[in-house]
Protein chains: 2
Amino acid sequence: MTKPTPKRAWGQAIQNRDEQFEMKRQVVLRTAARTYSDRGFHETTLADIADELNISKPTLYYYFKNKDEILFECHRLGIEAITDGDTPMPPAGTCTGRERLEEFLRRYVRMVLDDFGTCLVMTGTNALEPKNRGRVIEGRRKIDQMLRDILQEGVRDGTLDCPDPKMTAMFVFGAMNWLPRWYHHDGGLSVDALSARLIAFVMRAIAADRCDR
Amino acid sequence: MTKPTPKRAWGQAIQNRDEQFEMKRQVVLRTAARTYSDRGFHETTLADIADELNISKPTLYYYFKNKDEILFECHRLGIEAITDGDTPMPPAGTCTGRERLEEFLRRYVRMVLDDFGTCLVMTGTNALEPKNRGRVIEGRRKIDQMLRDILQEGVRDGTLDCPDPKMTAMFVFGAMNWLPRWYHHDGGLSVDALSARLIAFVMRAIAADRCDR
DNA sequence: CATTTTGTTGACCCATGGGTCGAACAGCAA
DNA sequence: TTGCTGTTCGACCCATGGGTCAACAAAATG
């Protein structure tokens, strides 16, 4: 659950003023995301986060409006990690549903094992103020829909065979969202190896040609 | 996530003194488990629980030592629901690993969609005091082991075919532990139907004769 | 009815922790 | 040196909520 922490100090690189500001914001967010995931949102005090960065509590308020905003930003970054990944998902139609499914699972696993993704699935949205809460829920809904669409696409083009795409999606999300609770980055198993195993498991369950071995 | 609440009043049935005491304890626990699951442990105040039962906060302290103990009892009941179910699991050897797996999954799904089981998988153990925390973790470890053993048994007797029972167990637990987050008792899908779907999904993935259809 | 035991409560205590404020301090330009 | 702006912090405020207590109500007991 906790990645090997770089443990970089607070103000390191001396760059442009705005970049420095944005960089420090990021450092706070990463630290917060980790701590929220480990101990839970309500069990984490702002003093905890500040201490971990060797800064004071008011300094946090120089970079963020309040505790909620920090959590919201973590969730937002987690969601963006899939929806607007660095390389976009291959659009529907360019390859089989099964191939798109594999790609989606690979991305999602990577995302959910990154600090922000982990935070997204480990901490509830209850703490967020209504407006931000709604945005997060909407984001997650879109991701849900993405997987459902892919499954249906695979059923249509004959590369997948699952009786109930909606429910199947939930089972698969469950398996993936649970990863941060037991997978440790320091073990012998790499994220890529893990996602390969998970993909194999899912494919055996729903790939149309699942009698291959 | 929230079952149709009976909403029974506080002191209803007039029975033996001790039974009454124990019954009221149970009512508190069920209410607490539901609220903890819905809103989260830290988001739930003792006043919330008390209000829901139309009693006062100090009354809770007449039945329980503190907030932690209430949570612990919920977890304990959740764990017992599988380990010491009303009818014991068929012992290893009396049937195939695959059959035992089906039975285990059926039980686990039922448990995890009951108030206490839901509470067990929805709320973290961080809040518990060290001693109780250890007991809960131990309980969950035993349940983990149970599934792993069943999987290995199935591999041995040839009814199951999964390359890595440990990891497979985690995937399956993930899918099941995620159920309370999306399944609603008031929908058209019964718990039994749901567990049948989940079992079908898992069996397609790891049953040795998974080419049946 | 008196008295003890069992249940219940309003009112209170107080540690925790989110959030604020004004002072201080850095760097930099004129 | 003087000011200006961006950054940091010690000290403080105060609402929340877990937990307590003494008093009161309600059965049981005799």
Side-chain angles (χ1 to χ4, degrees), chain A residues 9-29 31-32 35-36 38-74 123 126-130 132-133, chain B residues 8-29 31-32 35-36 38-74 123 126-129 132-133:
Chain A
W10 178 234
Q12 201 82 309
I14 312 97
Q15 308 167 335
N16 176 12
R17 216 51 172 272
D18 292 352
E19 286 176 25
Q20 183 94 59
F21 183 87
E22 200 50 45
M23 205 193 81
K24 288 187 179 178
R25 251 181 87 97
Q26 288 295 321
V27 174
V28 171
L29 288 177
T31 306
T35 319
Y36 287 164
D38 282 352
R39 283 181 254 175
F41 177 70
H42 281 275
E43 289 88 338
T44 302
T45 73
L46 290 178
D48 288 339
I49 299 174
D51 284 354
E52 210 149 328
L53 293 166
N54 290 316
I55 60 175
S56 70
K57 197 169 54 164
T59 300
L60 290 177
Y61 280 88
Y62 180 71
Y63 291 94
F64 297 94
K65 206 170 104 273
N66 53 30
K67 198 186 178 189
D68 280 4
E69 194 191 39
I70 298 178
L71 179 61
F72 172 67
E73 287 296 304
C74 290
T123 69
N126 307 53
L128 296 169
E129 56 185 72
N132 288 340
R133 192 178 136 85
Chain B
R8 91 161 60 205
W10 178 233
Q12 202 80 309
I14 311 97
Q15 309 168 333
N16 177 11
R17 213 53 172 272
D18 293 352
E19 286 176 25
Q20 182 96 64
F21 183 87
E22 201 51 44
M23 205 193 82
K24 288 186 179 177
R25 253 181 85 97
Q26 288 295 322
V27 174
V28 171
L29 289 178
T31 306
T35 319
Y36 287 164
D38 282 350
R39 281 182 257 177
F41 177 70
H42 281 274
E43 290 88 338
T44 302
T45 73
L46 290 178
D48 288 339
I49 299 174
D51 285 354
E52 208 148 330
L53 293 165
N54 290 316
I55 61 176
S56 70
K57 197 169 53 163
T59 301
L60 291 176
Y61 281 88
Y62 180 71
Y63 290 95
F64 297 93
K65 206 170 105 273
N66 54 30
K67 198 186 178 189
D68 280 4
E69 194 192 40
I70 297 179
L71 179 61
F72 172 68
E73 288 296 303
C74 291
T123 69
N126 306 53
L128 295 169
E129 56 185 73
N132 288 340
R133 191 178 136 85

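Computation of the quantities below employed the complete heavy-atom set of this structure, encompassing side-chain atoms and omitting hydrogens, waters and symmetry-equivalent molecules. In what follows, chains carry the letters A, B, and so on, assigned in the order in which the sequence lines appear, proteins first and then strands, with residues in each chain numbered from 1. Computed from a predicted model, the values in this text were never measured in an experiment.
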Rounded interatomic separation in angstrom, taking CZ from R25(A) and C1' from dT7(D): 15 Å
Where do N or O atoms of nucleotides 9-16 of chain C meet protein N or O atoms at under 3.5 Å, pair by pair?
unit_1	atom_1	unit_2	atom_2	d
dT9(C)	OP2	S56(B)	N	3.1
dT9(C)	OP2	S56(B)	OG	3.2
dT9(C)	OP2	T59(B)	OG1	2.6
dT9(C)	O5'	S56(B)	OG	3.4

Interatomic distance where CG belongs to D48(B) and P belongs to dG18(D) [whole Å]: 8 Å
Rounded interatomic separation in angstrom, taking CZ from R39(B) and P from dG17(D): 11 Å
Atom-to-atom span, CG of D68(B) to P of dG18(D) - whole angstrom: 10 Å
When rounded to the nearest 0.5 angstrom, what is the spacing between NE2 in H42(A) and OG1 in T44(B)? 9.5 Å
Look at the aromatic rings of Y62(B) and F21(B) and report parallel, tilted or perpendicular, splitting at 30° and 60°. perpendicular
If you measure from CD on Q20(B) to NZ on K24(B), what distance do you get to the nearest 0.5 Å? 4.5 Å
Kindly compute the distance separating CG (D48(A)) from OG1 (T31(A)), expressed to the nearest 0.5 Å. 12.0 Å
I70(A) versus L29(A), closest heavy-atom pair with distance: O-CD2, 3.7 Å
Rounded off to whole Å, could you give me the CG-to-P distance for the L53(A) and dC9(D) pair? 11 Å
In Å, rounded to the nearest 0.5 Å, how long is the span from CZ of F41(A) to CG of L71(A)? 5.0 Å
Atom pair distance, as rounded to whole Å: CD in E69(A) and P in dG19(C): 11 Å
Below the 4.0 Å mark, does dT6(C) have OP1 or OP2 next to a side-chain nitrogen or oxygen of K24(B)? no
Hey, could you give me the OG1/NZ distance between T45(A) and K67(A), rounded to the nearest 0.5 Å? 7.0 Å
Can you measure I70(A) atom CD1 to dG19(C) atom C1' for me and round it to whole angstrom units? 12 Å
Looking at side-chain heavy atoms only, is the closest gap between N132(B) and D68(B) below 4.5 Å? no
The side chain of Y63(A) is closest to which nucleotide in this list: dT6(C), dG18(D), dT7(D)? dT7(D)
R25(B) (side chain) donor-acceptor with Y63(B) (main chain) under 3.5 angstrom: yes
Describe, as an angle rounded to 10 degrees, how the axis at the first end of the helix from dG7(C)-dC24(D) to dA30(C)-dT1(D) is tilted relative to the axis at the last end, five pairs per end. 10°
Under 4.0 Å from OP1 or OP2 of dT5(C): is there any side-chain N or O of R17(B) that close? no
Could you state the atom-to-atom distance from OH of Y61(B) to P of dA23(D) in whole Å? 22 Å
